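Owing to the predicted nature of the structure, the values given are computational and were not obtained by experimental measurement. We count residues from 1, following the sequence as given.
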Amino acid sequence: MKQLIIFLFLGIILACQTPKRTDNFVIEANAPGIYNGMRAYLKVKNERGQMVNKDTAIVIDEKFIFEGKRKEPSLEYLFINGTEGFLPLIVENGDISISIEKDSLNTSKVLGSKNNEVYQAYYLAQKRLNEKLQKLHNEYRIANINQSVDRQNIFEAINQARKKLNDLSVNHAMQNKSSDVAIILLNEAIKVRGAELEPIESTYSSLAENLKASRQGQNISSFIQTQKMIREAEKATQIGSVAPNFSAETPKGKTLALNDIKGKLTLIDFWASWCGPCRRENPNVVKVYNKYHDKGLEIISVSLDRQGHKDRWIKAINDDKMTWHHISNLQYWQDPIAKMYNVRGIPATFLLDVDGKIVAKNLRGPALENKVAELLN
């Protein structure tokens, strides 16, 4: 009988507990010292890295609340008018509490979420490495002024700390691959300039299928595929390689391929009517073509003009007196030929010998004419 009473008592307690919120989120912030009427903001970074406002709350009696829904956990940033710094946090459906430090949001605390515990550990490690780097840079500056023998050692320490910082997000993702934060950290990793593909791909492949299927997971998958295509293009278009064949429509709507027009020497010229540097370089290319066409120089220009701008493309050809072969898919930076040749800036040129092998790249001005003269004379 006694055991039955205890069992019933525990059942009543459990039944009275508030069930865990799963279909929306509530962020409750305790903000001692923050004046009534101050606004708090949840912001996210857009594709350009700019902070964009996502939600707003008003401080009342040293507290404020955000409520809403998220399809999947999201890295967002808390700002408060009149308070220094910002606080990164994972916003996800459920209950989250924040303890605000009025002097600086950087030292505030996020509670009530395992994902936030994981992210805050990463954020703290990142903060410490940034502080270490700043200290090392100051030491190096002073050592440089004093011509100290320690300069090289400090310089090496800077490189080591920078590498640790660059690898931090991938390492934390691997250590917490069962957490939603893993996919968020990998999205941070792919934004790092010169990010290494192998550890990102390896970590991504080890994640659960639901994380891979998320919006951020698909973003990482797209990044991996793009980087692989870039590598293949770099390999295929290095000096000494046979230039990949391609085809597209001419201004008259006919299909023309690279292999259709190869001469003793062939110049592939990527440009666009909207590209100022390209238009300024065109007179030089015209001069080289007029001088060396009879000796075997052929040119095929691939335009990265936009869809709907065919008239502008044709007008630029005529205005600049470019009397050689022209093709375009009118797909701007999504042009498949530009992707095939890993063209990420124009003007870009590839010079091919009689066998179709790439013998020079990205020559302009006198350097282009000198190389053409060397190969044809």
Side-chain angles (χ1 to χ4, degrees), residues 222-275 277-279 281-282 284-286 288-289 292-293 296-318 320-364 367-368 371-372 375-376:
S222 176
F223 168 82
I224 291 170
Q225 295 308 314
T226 299
Q227 291 305 306
K228 284 183 174 180
M229 287 175 58
I230 289 172
R231 285 189 175 188
E232 290 172 4
E234 287 175 343
K235 186 177 180 180
T237 58
Q238 61 188 358
I239 291 176
S241 298
V242 175
N245 188 36
F246 55 81
S247 64
E249 285 192 1
T250 67
K252 293 183 178 180
K254 295 182 179 180
T255 299
L256 180 68
L258 170 64
N259 288 345
D260 295 336
I261 58 97
K262 283 180 182 175
K264 289 182 181 178
L265 196 64
T266 306
L267 181 70
I268 305 172
D269 172 39
F270 289 89
W271 76 297
S273 67
W274 49 261
C275 169
C278 303
R279 304 296 296 274
E281 175 65 10
N282 282 345
N284 177 63
V285 182
V286 169
V288 172
Y289 179 75
Y292 291 98
H293 175 56
L297 175 66
E298 293 290 350
I299 299 178
I300 183 166
S301 285
V302 182
S303 167
L304 304 191
D305 274 275
R306 297 173 174 87
Q307 187 174 10
H309 288 185
K310 185 174 181 178
D311 290 346
R312 298 185 188 184
W313 169 42
I314 295 172
K315 183 176 186 303
I317 292 171
N318 294 330
D320 292 0
K321 298 179 174 60
M322 301 161 71
T323 57
W324 50 81
H325 304 286
H326 293 270
I327 59 173
S328 180
N329 292 293
L330 298 175
Q331 291 185 25
Y332 196 43
W333 287 111
Q334 299 306 311
D335 184 90
I337 305 171
K339 289 184 176 182
M340 182 189 299
Y341 277 74
N342 192 32
V343 172
R344 287 180 277 181
I346 52 176
T349 58
F350 295 82
L351 201 56
L352 318 183
D353 67 11
V354 69
D355 298 317
K357 289 183 179 179
I358 299 171
V359 294
K361 296 196 292 186
N362 295 325
L363 297 178
R364 297 168 65 177
L368 174 62
K371 190 65 177 179
V372 169
L375 294 170
L376 285 180

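- Between the CG atom of Asp305 and the CG atom of Asn329 there is a distance of 11.5 Å, given to the nearest 0.5 Å.
- In this structure, the side chain of Arg279 does not engage the main chain of Trp274 through any donor-acceptor pair within 3.5 Å.
- Atoms CD and NZ, from Glu249 and Lys254 in turn, are 12.0 Å apart once rounded to the nearest 0.5 Å.
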Start with the C-alpha gap between Val343 and Val302, add the side-chain angles, then the distance that decides, and say whether side chain to side chain contact (heavy atoms under 4.5 Å, CB included) holds.
CA-CA 11 Å; Val343 172; Val302 182; over 6 Å; no

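- Between Ser303 and Trp271 the shortest side-chain heavy-atom distance falls below 4.5 Å.
- Residue Ile358 comes nearest to Ala236 through the heavy atom pair CD1-O, 4.3 Å, listed as atom of the first residue, atom of the second, then distance.
- For the pair His326/Trp313, a side-chain contact is recorded, criterion being any heavy-atom separation below 4.5 Å from C-beta on.
- Around the NZ atom of Lys361, the shell of radius 6.0 Å holds more than 12 heavy atoms that belong to other residues, nucleotides or ligands.
- Checked by atom type and distance alone, the side chain of Asp353 pairs as donor or acceptor with a backbone atom of Asp355 at under 3.5 Å.
- Between Leu352 atom CG and Ser241 atom OG the span is 11.0 Å, to the nearest 0.5 Å.
- With a 4.5 Å cut-off on side-chain heavy atoms, Leu267 and Val372 do not count as touching.
- Atoms SG and CG, from Cys275 and Leu304 in turn, are 8.5 Å apart once rounded to the nearest 0.5 Å.
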Tell me, with the steps shown, if Leu258 and Thr266 meet side chain to side chain contact (heavy atoms under 4.5 Å, CB included).
CA-CA 9 Å; Leu258 170 64; Thr266 306; 4.2 Å; yes

Is there a side chain to side chain contact (heavy atoms under 4.5 Å, CB included) between Gln334 and Lys339 once you walk through the steps?
CA-CA 7 Å; Gln334 299 306 311; Lys339 289 184 176 182; 2.8 Å; yes

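- Tested against Ser273, the residues Lys315, Arg312, His309, Arg306 include a single side-chain contact (heavy atoms from CB on, under 4.5 Å) partner, Arg312.
- The main-chain N or O of Leu363 is found under 3.5 Å from a side-chain atom of Thr349 such that the two form a donor-acceptor pair.
- Looking at heavy atoms from C-beta onward, Ile314 lies in side-chain contact with Lys310 at the 4.5 angstrom threshold.
- Shown here are the ring pair (Phe, Tyr, Trp, His ring centres under 6.0 Å) partners of Tyr289, two or more places apart in sequence or in another chain: His293, Trp324.
- In this structure, Glu234 CD and Gln227 CD are separated by 8.5 Å, a value rounded to the nearest 0.5 Å.
- Between Lys264 atom NZ and Leu297 atom CG the span is 11.5 Å, to the nearest 0.5 Å.
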Evaluate the criterion side chain to side chain contact (heavy atoms under 4.5 Å, CB included) for residue pair Ile268 and Ile337; output intermediate values, then yes/no.
CA-CA 11 Å; Ile268 305 172; Ile337 305 171; 6.0 Å; no

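- Between Asp320 and Val285 the shortest side-chain heavy-atom distance does not fall below 4.5 Å.
- The two atoms that bring Val286 and Lys321 nearest to each other are CG2-O, 3.6 Å, heavy atoms only.
- For the pair Pro244/Thr237, a side-chain contact is recorded, criterion being any heavy-atom separation below 4.5 Å from C-beta on.
- Considering only heavy atoms from C-beta on, Tyr341 stays 4.5 Å or farther from Asp335 through its side chain.
- Between Asp269 and Glu281, every side-chain heavy-atom pair lies at or beyond the 4.5 Å cut-off.
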